[in-house]
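Throughout, protein chains are lettered first and strands after them, A, B, ... in sequence-line order, and every chain is numbered starting at 1.
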There are 2 protein chains.
Amino acid sequence: MADSSDIEAAEGHARTVTIQDVARMAGVSTATVSRALAMPDRVAAATREAVFSAIRETGYTPNAAARSLRAKSTKMVLVLLPGIGNSFFTPVLNALEEVFTEAGYGVLIGYTRQSRRRETHYARVIRAGQVDGVLVVTGNVPRDEEFASVPDTVPKSLMFSEIPGNEHVSVFDVDNRQASAAAVRYLISQGHRRIAHIPGAEGGLEAQERLGGYCDALVEAGLPVDEALIWRGATNFDFASGDRAAAQFFKLSERPTAVFAAADEIALGFMRALKNQGVGIPSDVSVIGFDDTDYAIHYDPALTTMRQPRTEMGRLAAADLLRRMAARNEAVPTSKVRLPCELVVRESVRRLD
Amino acid sequence: MADSSDIEAAEGHARTVTIQDVARMAGVSTATVSRALAMPDRVAAATREAVFSAIRETGYTPNAAARSLRAKSTKMVLVLLPGIGNSFFTPVLNALEEVFTEAGYGVLIGYTRQSRRRETHYARVIRAGQVDGVLVVTGNVPRDEEFASVPDTVPKSLMFSEIPGNEHVSVFDVDNRQASAAAVRYLISQGHRRIAHIPGAEGGLEAQERLGGYCDALVEAGLPVDEALIWRGATNFDFASGDRAAAQFFKLSERPTAVFAAADEIALGFMRALKNQGVGIPSDVSVIGFDDTDYAIHYDPALTTMRQPRTEMGRLAAADLLRRMAARNEAVPTSKVRLPCELVVRESVRRLD
DNA sequence: ACGCTGGATGTAATCGATTACAACAATACG
DNA sequence: CGTATTGTTGTAATCGATTACATCCAGCGT
């Protein structure tokens, strides 16, 4: 041990140790070293020991690039995120990293930031064979064109969104429309009749679906859909959008008794703005959110919200991608999984009598 | 265009296109194709056009593994994070991704989760030459042993923490002790004399330093350091730790008028627990946090806190690592940068008269 | 004793790019 | 007109692993 490091030091500039070095030291061919590592039961016990001992002595680690080149597999996945500062994705990334690392895959992250250049960049990363699979975790699906330029041989999955009619990608999402309707139905069940909605960013599919669910529930209960109660203008699922919505709230002569926000952060921003003006929550206005991010439970009042099973979705999506990456050429069918949301009742909704 | 895709389709299973294919189609050698890409001005204009046209036609993208193998550089960096659900690191990761991607580097993330196995795993990733540089973004520095097994030829940086006496890594942090003292001094300046502290997780260096700063400020003002006012037991920089601290608060007969929490999330958890019991903030108890995470400003009351310049630190650390990765062999000196924190006064601290 | 079988190992091709060096043509210059 | 120079391109070695195929040898059956 001590000697070997001395030798290394004495030799001057430390070259990284290759399989050749190990083979030489163990007195075998490189093929044997490779086999000792990959299929230990196919080399004689004595040889195996010699090889392992040489590996230990040199601190050899197989070069990833060489391995990838030959094996045509990098053991890496690309996770694409929108990249806004939003904490919604933290548990998702956590779950993904957990499952992928456990399976020996590395996680390359990419924030698209709704920028065309960045999408092109990551499309190139995929085409360069730098990853074995791709997981798109975003509402803003990369434009078809770019997505199409990457070969279908690379397994792709989508989370929290849907690309209509693409059979080559797995999809893991929730029924946003249904879940939103359920949230609004809950408000109605608590006696609310005048219910407002703060949609998410205009372009997003989720935002549209949640708005749709809001309308569904109203119509179903025989309540009017009033455009004055739909406070558009959100640029994102963020605090600022909730803040802007509050401005619209205060302009109203006839105020709603309850508000359904398309995301927790919007709800929090909205609540904060109302409280600042002395409006009590839920005493004066009830608020319900969507997502159940980590802050929902710690706010004051704790936010009643529709939970998306983010961690579970992450785990499932990762497992599915692993399965499809493992099956090299054979066509493994993609999955379309829609998980249930769950209403989490806390303190921000008051029952009207 | 249309024809080429038809041909591909007709040829059956689409093999990924290599430099050989491009060379053949353009009627040149692979060397010329490579040159046309890497140094366009060293090939004749006509040839260059032929090559580019062939590249466009085939949709060729150079294989990353082959390039890495030959060039001994992967254009990737490993970012190690503790991996607790904490949102503190979101803007840091954002800044890192931004700078690295802009420079053509990919970001591989690794959550150490304080697990020995994972640290070993990522040490192997580095030794396998899978990344050109490493950025450790965590208070819990990987154990020396593992860190030492990776060659010093791979540039390494540390953020938010320090490894005493390691000249081979760059360090980007803040003076936790000084900043904490400043925070407590502010409380004193507002008339507080009985000030409690909620430290972070026992093991962490930051937690120790912040506790040290707290003591410094007290001593300096001639105030006693009372162990009953140091509410240990935090397991992390999280809500739950603040919640547990609240239990200790309520057990006290003589309560403090102000509390310095070692992190915003701890402060938020603490405030929430107090408010639940009808204790007003800041009317009954003042609270000051540390970090200035995104939620500090949106909480009610908005949290007065000591801001760490997370985004700036991320940018600087990334830029430094890029610089050192660019200088292949030459020994570029490492940086030791200590950025200033800034007191952000909001609503959670009351002036005592 | 001979050939056969199968286990263990070595030889060398291969993955796809980069690049040192060689080869060659065209031009410039004496 | 011959030679030096410059510019352009091709040939082939190289990066470090994996793996198909060849080889060798021991043990076995007849």
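- Listed by chain and residue number, B:D320, B:V332, B:S335 satisfy the side chain to side chain contact (heavy atoms under 4.5 Å, CB included) test with B:R323 (two or more places apart in sequence, or in another chain).
- Going from atom OG1 of B:T101 over to atom OH of A:Y122 covers 3.5 Å, rounded to the nearest 0.5 Å.
- A:Q130 is linked by a side chain to side chain donor-acceptor pair (under 3.5 Å) to nothing, counting only residues two or more places apart in sequence or in another chain.
- In this structure, B:T47 reaches the sugar-phosphate backbone alone: every heavy-atom distance under 4.0 Å involves primed, P, OP1 or OP2 atoms, never a base.
- Computed from coordinates, the A:D41 CG to C:dG7 P distance equals 11 Å when rounded to whole Å.
- Here B:R35 pairs with B:A31, B:T32, B:M39, B:V43 under the side chain to side chain contact (heavy atoms under 4.5 Å, CB included) rule; sequence neighbours left out.
- The side chain to side chain donor-acceptor pair (under 3.5 Å) search around B:R118 returns A:E97, not counting sequence neighbours.
- For the pair A:E49 CD and C:dA8 C1', the computed distance is 16 Å after rounding to whole Å.
- Residues satisfying the side chain to side chain contact (heavy atoms under 4.5 Å, CB included) criterion with B:V17, sequence neighbours excluded, are B:D21, B:V22, B:T58, B:Y60.
- Residues passing the side chain to side chain contact (heavy atoms under 4.5 Å, CB included) test with B:A44 are B:T47, sequence neighbours excluded.
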Return all side-chain donor-acceptor pairs below 3.5 angstrom for residues 61-70 of chain B, not counting sequence neighbours, or 'none' if the list is empty.
{"from": "B:T61", "atom 1": "OG1", "to": "A:R127", "atom 2": "NE", "distance (Å)": "2.9"}
{"from": "B:T61", "atom 1": "OG1", "to": "A:R127", "atom 2": "NH2", "distance (Å)": "3.0"}
{"from": "B:N63", "atom 1": "OD1", "to": "B:A65", "atom 2": "N", "distance (Å)": "2.9"}
{"from": "B:N63", "atom 1": "OD1", "to": "B:A66", "atom 2": "N", "distance (Å)": "2.8"}
{"from": "B:S68", "atom 1": "OG", "to": "B:A64", "atom 2": "O", "distance (Å)": "2.9"}
{"from": "B:S68", "atom 1": "OG", "to": "B:S73", "atom 2": "O", "distance (Å)": "3.4"}

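- Where the helix from C:dA1-D:dT30 to C:dG30-D:dC1 starts and where it ends, the local axes point in directions that differ by 60°; five pairs per end, rounded to 10°.
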Practice problem: Scan nucleotides 13-21 of chain C nucleotide by nucleotide, 5' to 3', and note B when protein non-hydrogen atoms come under 4.0 Å of the base, S if they reach only the sugar-phosphate, - if neither. | Solution: BBBBBBB--
